[in-house]
*Asks:* 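What follows is a single structure, and I will ask about it in a moment.
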Amino acid sequence: MQNYLLRRAVRTALITGFVTSLAACGGGGSASGSSSTSSSTTASAPQMSVMMSDATSDDWGAIGVKIQSIALIPQGGGSAVTVYSASPAIMVNLEQLDHIREILANAAVPAGTYTAATVTLSANPGDVALTVSSDPTVGFAAPAGTVIASNQIQIQGTQGAAGSLTVPVQVTFDTPLVVSAGQSNALDLEFDLAHPAFIIAHQPPGAGETVWSVDFRWPIRRHRIDDITHLVLRHMYGNVTAVASDNTSITLSKDLPLLPITNPETPVATALSLQILADSTNGTVFYDVDTKTTTTIKDFSTLSATLDGKYVRVAARYQEDGTLVAVRIWASTDFDDVWVSPEGHVLQVDTTNDVITVSNESGAAVPLTVNANTQFFFRTPADGATDATPIATGTDFLTNNDMVRGFKVHASVVDPLATPLVAQTVDIEAADYSGKISAANTTGFTYEHSFRTASDDYTVNLNYINSASANGEDSDGNPIVGFKFWDFAYPSLVMSGPNAITEFVTTTNGAVNFGGVTGSVSAWGISYARWADPANPTGWSVPATILLPAPVPLGTVTTAFANGTFAMTVAGGATAAPVDINTASGSATLVYQVDRSGNEVTVSAIDVTTASGISSLTAGLALGAKVKVYGIPQANGSLMAYVLAYFTGMEPGN
């Protein structure tokens with residue numbers, strides 16, 4: 001089942017029973033020591049960038065993990081090659097890595113072919129930190145802003161002695177990773193926020209304590225990189241250690257913000273050193289935060305006497321040869337001043353008062369005033385000129401749903417000490433539209449999204465990108481043009497080509513009727529929009545859509561499992577609906593047994609392609625059993641279950 005790990009953002013809410021959100025690296029820990037990165041190879045070996053990414057969740061403000069090491073497994077066996085190690089391990093907020101990459105290391109790796117990686121994570125109490133969003137979905141199992149206590153977080157599959165617990169996870173690659181000299185080698189490990197077995201909240205009836213199970217064994221996969229120049233990188237923090245003698249570049253020692261955040265915020269040093277070039281063609285915008293001045297530079301000659309030793313924040317992009325070029329740089333003598341630049345997901349867009357509210361590293365809501373001078377950028381690293389050019393300036397951009405809740409942004413403020421904070425620039429790193437899909441036709445479709453806070457709701461009509469627009473590659477490396485989509489459970493089965501739109505329209509026409517308050521449940525999805533495609537030269541259009549599991553509440557089995565199907569009612573529903581289970585090898589439903597005894601929760605994967613797995617599933621889906629189903633409505637009125645959890649032992653509450 002490793003080949004079918006769910007991918008990217010699934011906006012599924014936890015409604016009392018089975019809940020998940022990818023534990024993105026973030027949160028907790030008070031370590032302020034340095035991290036070391038290492039490789040078991042010589043410097044003459046090809047260099048490889050080691051990165052991680054993930055998606056987001058409406059429900060979590062910060063989800064933190066600590067990665068101790070990453071090692072590549074050569075094809076055919078042989079000694080593992082360590083490409084990243086950290087002592088002590090530093091928490092990184094994966095909640096911030098929605099469709100963007102954090103550079104962990106630049107490692108020297110022997111040329112060759114690698115088929116897997118072993119990722120080792122710290123698993124002691126406090127090594128995973130969970131903070132609930134300031135505005136989670138209705139029914140979430142913890143109040144807004146809650147920091148989940150470490151004694152309520154149970155990490156599955158731990159090894160070692162108390163105080164030195166780890167979880168080693170082997171990630172088998174869908175396609176081999178080939179490392180060779182003379183090319184831009186890169187490893188991107190993606191923590192899959194969508195995987196419903198990553199974080200499970202077991203909330204018992206009454207006043208019982210909610211236990212949060214975290215299981216790293218399921219959600220990590222390698223994300224194949226088609227072209228390194230298209231990667232959107234997270235803004236990097238660091239202090240400048242050198243300016244090149246020819247003034248073409250600076251060297252910075254990378255820092256990470258301390259989590260949980262402090263006031264003033266503290267940098268956590270890493271051992272990663274990065275060379276950053278000025279953009280000699282398009283110019284690099286340089287913001288002196290101390291003097292509040294802005295200049296455009298094509299080299300560092302005017303700054304060489306003052307920049308050494310300062311803290312910087314850099315928006316950078318990769319070139320084809322793997323070098324990093326700065327698009328924008330913010331500099332200050334005080335780390336807190338370059339850090340006070342809210343990074344996170346948009347929580348609210350107030351078009352009446354021209355204010356956007358952005359979550360910060362700890363999940364808190366930060367309001368930012370937009371004025372006539374605020375510049376909006378859409379990160380397009382493959383095109384240096386476009387990446388450096390604002391797509392809009394001023395308050396008009398907030399109208400017409402050009403920015404909505406869920407966008408991932410990194411803003412900069414005019415004055416970090418001012419009240420209110422005024423946005424100087426807003427980097428849109430991922431333009432996420434999501435929700436119920438309706439009115440799909442040959443030119444586009446409609447998203448409808450409702451939130452706990454009604455003023456955040458939106459309905460937006462989006463076009464597909466132009467049929468001739470480049471859109472990545474398929475699993476065989478063939479270029480794709482035009483719109484593409486896939487089901488969330490099968491990220492390698494991309495629907496593309498001339499029939500993709502027709503198939504999308506057909507697929508999204510299904511609905512399941514549960515009656516009552518829940519009513520009819522239709523297809524859901526998420527799309528990362530693209531700005532200024534020929535299909536919509538002055539706005540957003542959709543290159544790809546991931547069909548998400550419909551938001552179905554906790555269910556109760558009303559017809560026991562037999563012959564690949566069962567029926568269930570749901571909380572808030574009055575009508576039983578059929579649920580189909582796929583048992584075919586390679587496309588089987590992902591099934592998990594969740595057992596709670598006292599305050600201990602155990603999650604077990606059930607392989608329904610085997611006779612023993614079917615036997616376990618049949619016993620688990622007996623009449624009256626509690627279940628949580630993640631699936632996509634079908635045209636025949638059934639729900640195709642791509643992920644299913646059934647509960648044994650102490651039942652979850654309603």
Side-chain angles (χ1 to χ4, degrees), residues 12-24 26-29 57 59-66 91 121-133 136-137 139-167 169 195-219 260 553-556 571 591-606 616 619-620 622 624-628 643-654:
T12 350
L14 159 60
I15 303 193
T16 68
F18 180 53
V19 164
T20 74
S21 284
L22 185 163
S57 166
D59 297 322
W60 294 106
I63 307 172
V65 300
K66 295 180 177 180
M91 278 193 172
L121 301 110
S122 299
N124 302 294
D127 285 344
V128 171
L130 305 177
T131 302
V132 180
S133 165
T137 51
F140 193 71
T146 300
V147 177
I148 305 299
S150 61
N151 62 2
Q152 290 180 257
I153 300 172
Q154 293 182 5
I155 303 174
Q156 305 287 318
T158 60
Q159 298 181 8
S164 301
L165 295 173
T166 63
V167 176
V169 179
H195 200 297
F198 186 24
I199 302 180
I200 299 172
H202 194 294
Q203 184 180 24
E209 184 175 74
T210 300
V211 174
W212 301 82
S213 167
V214 177
D215 200 330
F216 294 114
R217 294 172 294 178
W218 320 119
L554 184 72
T556 302
V591 177
Y592 300 92
Q593 176 180 302
V594 183
D595 181 81
R596 178 166 179 173
S597 177
N599 281 336
E600 293 295 322
V601 174
T602 303
V603 180
S604 304
I606 306 298
S616 296
K626 297 292 186 182
V627 293
K628 183 68 177 173
V643 180
L644 177 147
Y646 63 85
F647 297 85
T648 59
M650 182 189 299
E651 289 188 345
N654 287 322

*Asks:* For Thr210, is there any backbone N or O sitting under 3.5 Å from a side-chain donor or acceptor partner on Gln152?
*Replies:*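 It does hold such a pair.
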
*Asks:* Quick one: does Ser164's side chain have a donor or acceptor within less than 3.5 Å of a partner on Ala161's backbone?
*Replies:*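 No.
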
*Asks:* Would you compute the distance between atom CG of Asp127 and atom CD1 of Ile155 and round it to the nearest 0.5 angstrom?
*Replies:*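 Reported to 0.5 Å precision, the distance equals 6.0 Å.
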
*Asks:* Check Thr556 against Val627 and note the closest heavy-atom contact, atom names and distance.
*Replies:*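 The answer is N-CG2, 4.5 Å.
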
*Asks:* With distance as the sole test, does Gln593 use its side chain to make a donor-acceptor pair with the main-chain N or O of Gly620 at under 3.5 Å?
*Replies:*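 Checking the backbone N and O of Gly620 against the side chain of Gln593, no donor-acceptor pair under 3.5 Å is found.
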
*Asks:* Do side-chain atoms of His202 reach the backbone of Phe647 as a donor and acceptor pair under 3.5 angstrom?
*Replies:*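 Judged by distance alone, no pair lies under 3.5 Å.
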
*Asks:* Can you tell me if Gln203 uses its side chain to pair, donor with acceptor, with the backbone of Phe140 under 3.5 Å?
*Replies:*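 No: the side chain of Gln203 does not pair with the backbone of Phe140.
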
*Asks:* Cut-off 3.5 Å, side chains only: do Asp595 and Thr602 have a donor facing an acceptor?
*Replies:*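 Not at all, the side chains of Asp595 and Thr602 share no donor-acceptor pair under 3.5 Å.
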
*Asks:* Checking the side chain of Asp59 only, and the main-chain atoms of Thr137 only, is there a donor and an acceptor separated by less than 3.5 Å?
*Replies:*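 A pair under 3.5 Å: yes.
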
*Asks:* Between Asn124 and Gly163, which heavy-atom pair has the shortest distance, and what is it?
*Replies:*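 Heavy atoms only, the tightest pair is OD1-C, 3.0 Å.
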
*Asks:* Report the residues that fulfil side chain to side chain contact (heavy atoms under 4.5 Å, CB included) with Ala144, sequence neighbours left out, ordered by chain and then residue number.
*Replies:*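 Partners of Ala144 by the side chain to side chain contact (heavy atoms under 4.5 Å, CB included) criterion, ordered by chain and then number, come out as Pro136.
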
*Asks:* Looking only at heavy atoms, which two atoms of Ser150 and Pro125 are closest? And how far apart?
*Replies:*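 Distance-wise, the nearest heavy atoms are CB-C, 4.5 Å.
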
*Asks:* Considering non-hydrogen atoms only, spot the tightest contact between Val601 and Gln154 and give its length.
*Replies:*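 Looking at all heavy atoms of both residues, the shortest contact is N-OE1, 3.0 Å.
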
*Asks:* Could you state the interatomic distance from CG (Asp215) to CD1 (Ile200), rounded to the nearest 0.5 Å?
*Replies:*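 These two atoms lie 7.5 Å from each other.
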
*Asks:* Can you find a heavy atom in the side chain of Lys66 that is under 4.5 Å from one in the side chain of Leu121?
*Replies:*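 Result no, sub-4.5 Å side-chain heavy-atom pair not found.
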
*Asks:* Measure from the ring center of Tyr646 to the ring center of Tyr592 and say whether it is less than 6.0 Å.
*Replies:*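 No, the ring centres sit 6.0 Å or more apart.
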
*Asks:* Can you label the angle between the Phe198 ring and the Phe216 ring as parallel, tilted or perpendicular, going by 30° and 60°?
*Replies:*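 Rings of Phe198 and Phe216: tilted, 30 to 60°.
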
*Asks:* Grab the two heavy atoms, one from Val167 and one from Ala123, that are nearest each other, plus how far apart they are.
*Replies:*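 Looking at all heavy atoms of both residues, the shortest contact is CG2-CB, 3.7 Å.
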
*Asks:* So, does Gln156 use its side chain to make a donor-acceptor pair with the main chain of Arg217 at under 3.5 Å?
*Replies:*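 Answer holds: no.
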
*Asks:* Minimum heavy-atom separation for Pro204 and Met650, please, with both atom names.
*Replies:*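 Taking every non-hydrogen atom into account, CB-SD, 3.5 Å.
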
